[in-house]
Amino acid sequence: MTKKCFILLLAAMALLPSFSVQVQADPVDLNVGYTDPYDEFNNAQRGPIHVPNIDINDHTLSFITPCDGCTLQLVDEDGIVLFTTVIPNGATNLVLPSYLSGEYEIQIVRGNFYFYGYIIL
C-alpha cells in the first residue's frame, strides 16, 4: 500500500507544471548621434550603423549584442558625465554603481558615433 501511494505521489508531482522565476528586464531604446560624421580621411560614414541591443534590470545592463571596447557614459540632466567605463571584451552584463539613482542619458560611444537613450535607476 505504501509503494502504491508513493508511486501515485510521484506521478502527481510529474504532472504539476514547473515554475521558473524569470527576471523581467526592460529594453533600452537607443538612438544614434555623431561625434564626428567624418573619419580622419574626411570620408562620411558609408553603410549601415548597427545599433546595440541592451536591456536594464535595476542596476544591471545586459548586452544582447556585443559592445566590446566601447565607452559607456551616464550623463545627468545638466549634461555632466557622472559615470564612465570601457565595456570589457566579451561582457554580457555590466553592473552600474548602486549610488546612482534617478534618470540618466546612457551613451555608448563607438568610434565617431554614439548611441544614446534614457534609463531610470
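Values reported hereafter were calculated over all heavy atoms of this structure, with side chains retained and with hydrogens, waters and symmetry mates removed. Only a predicted model underlies this, so the values are computations on that prediction, with no experimental measurement involved.
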same_hphob_cluster([X], [Y]) at 4.5 Å side-chain heavy-atom cutoff:
X: Val28; Y: Val32; result: yes
X: Val109; Y: Val81; result: no
X: Tyr34; Y: Ile106; result: yes

For residues 49-56, tabulate all N or O donor-acceptor pairs below 3.5 Å that involve a side-chain atom, not counting sequence neighbours.
none

| field | Matching residue for Gln107 among Val75, Leu30, Thr71 - test: side chain to side chain contact (heavy atoms under 4.5 Å, CB included) | value |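 Answer after filtering Val75, Leu30, Thr71: Val75.
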
| task | Look at the aromatic rings of Tyr116 and Tyr114 and report parallel, tilted or perpendicular, splitting at 30° and 60°. | result |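 The rings of Tyr116 and Tyr114 sit tilted, inter-plane angle from 30° to 60°.
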
| request: Identify, with sequence neighbours excluded, every residue that meets side chain to side chain contact (heavy atoms under 4.5 Å, CB included) alongside Ile80. | output: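 Once residues adjacent in sequence are excluded, the partners of Ile80 under the side chain to side chain contact (heavy atoms under 4.5 Å, CB included) criterion are Asp76, Asp78, Leu82.
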
| Atom pair CG (Leu61) and CG (Leu121), whose distance is rounded to the nearest 0.5 Å |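 Going from CG on Leu61 over to CG on Leu121, the span is 8.0 Å.
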
| request: Can you measure from CZ (Phe83) to CD (Gln73) and round to the nearest 0.5 angstrom? | output: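 Those atoms lie 10.5 Å apart.
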
Which pairs of donor and acceptor atoms, one on a side chain in residues 87-100, lie under 3.5 Å apart (sequence neighbours left out)?
from  : atom 1 : to    : atom 2 : distance (Å)
Asn93 : OD1    : Ser62 : OG     : 2.9

| Glu103 atom CD, over 12 foreign heavy atoms within 6.0 Å |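 Yes, CD of Glu103 has more than 12 neighbouring heavy atoms, counting only those of other groups under 6.0 Å.
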
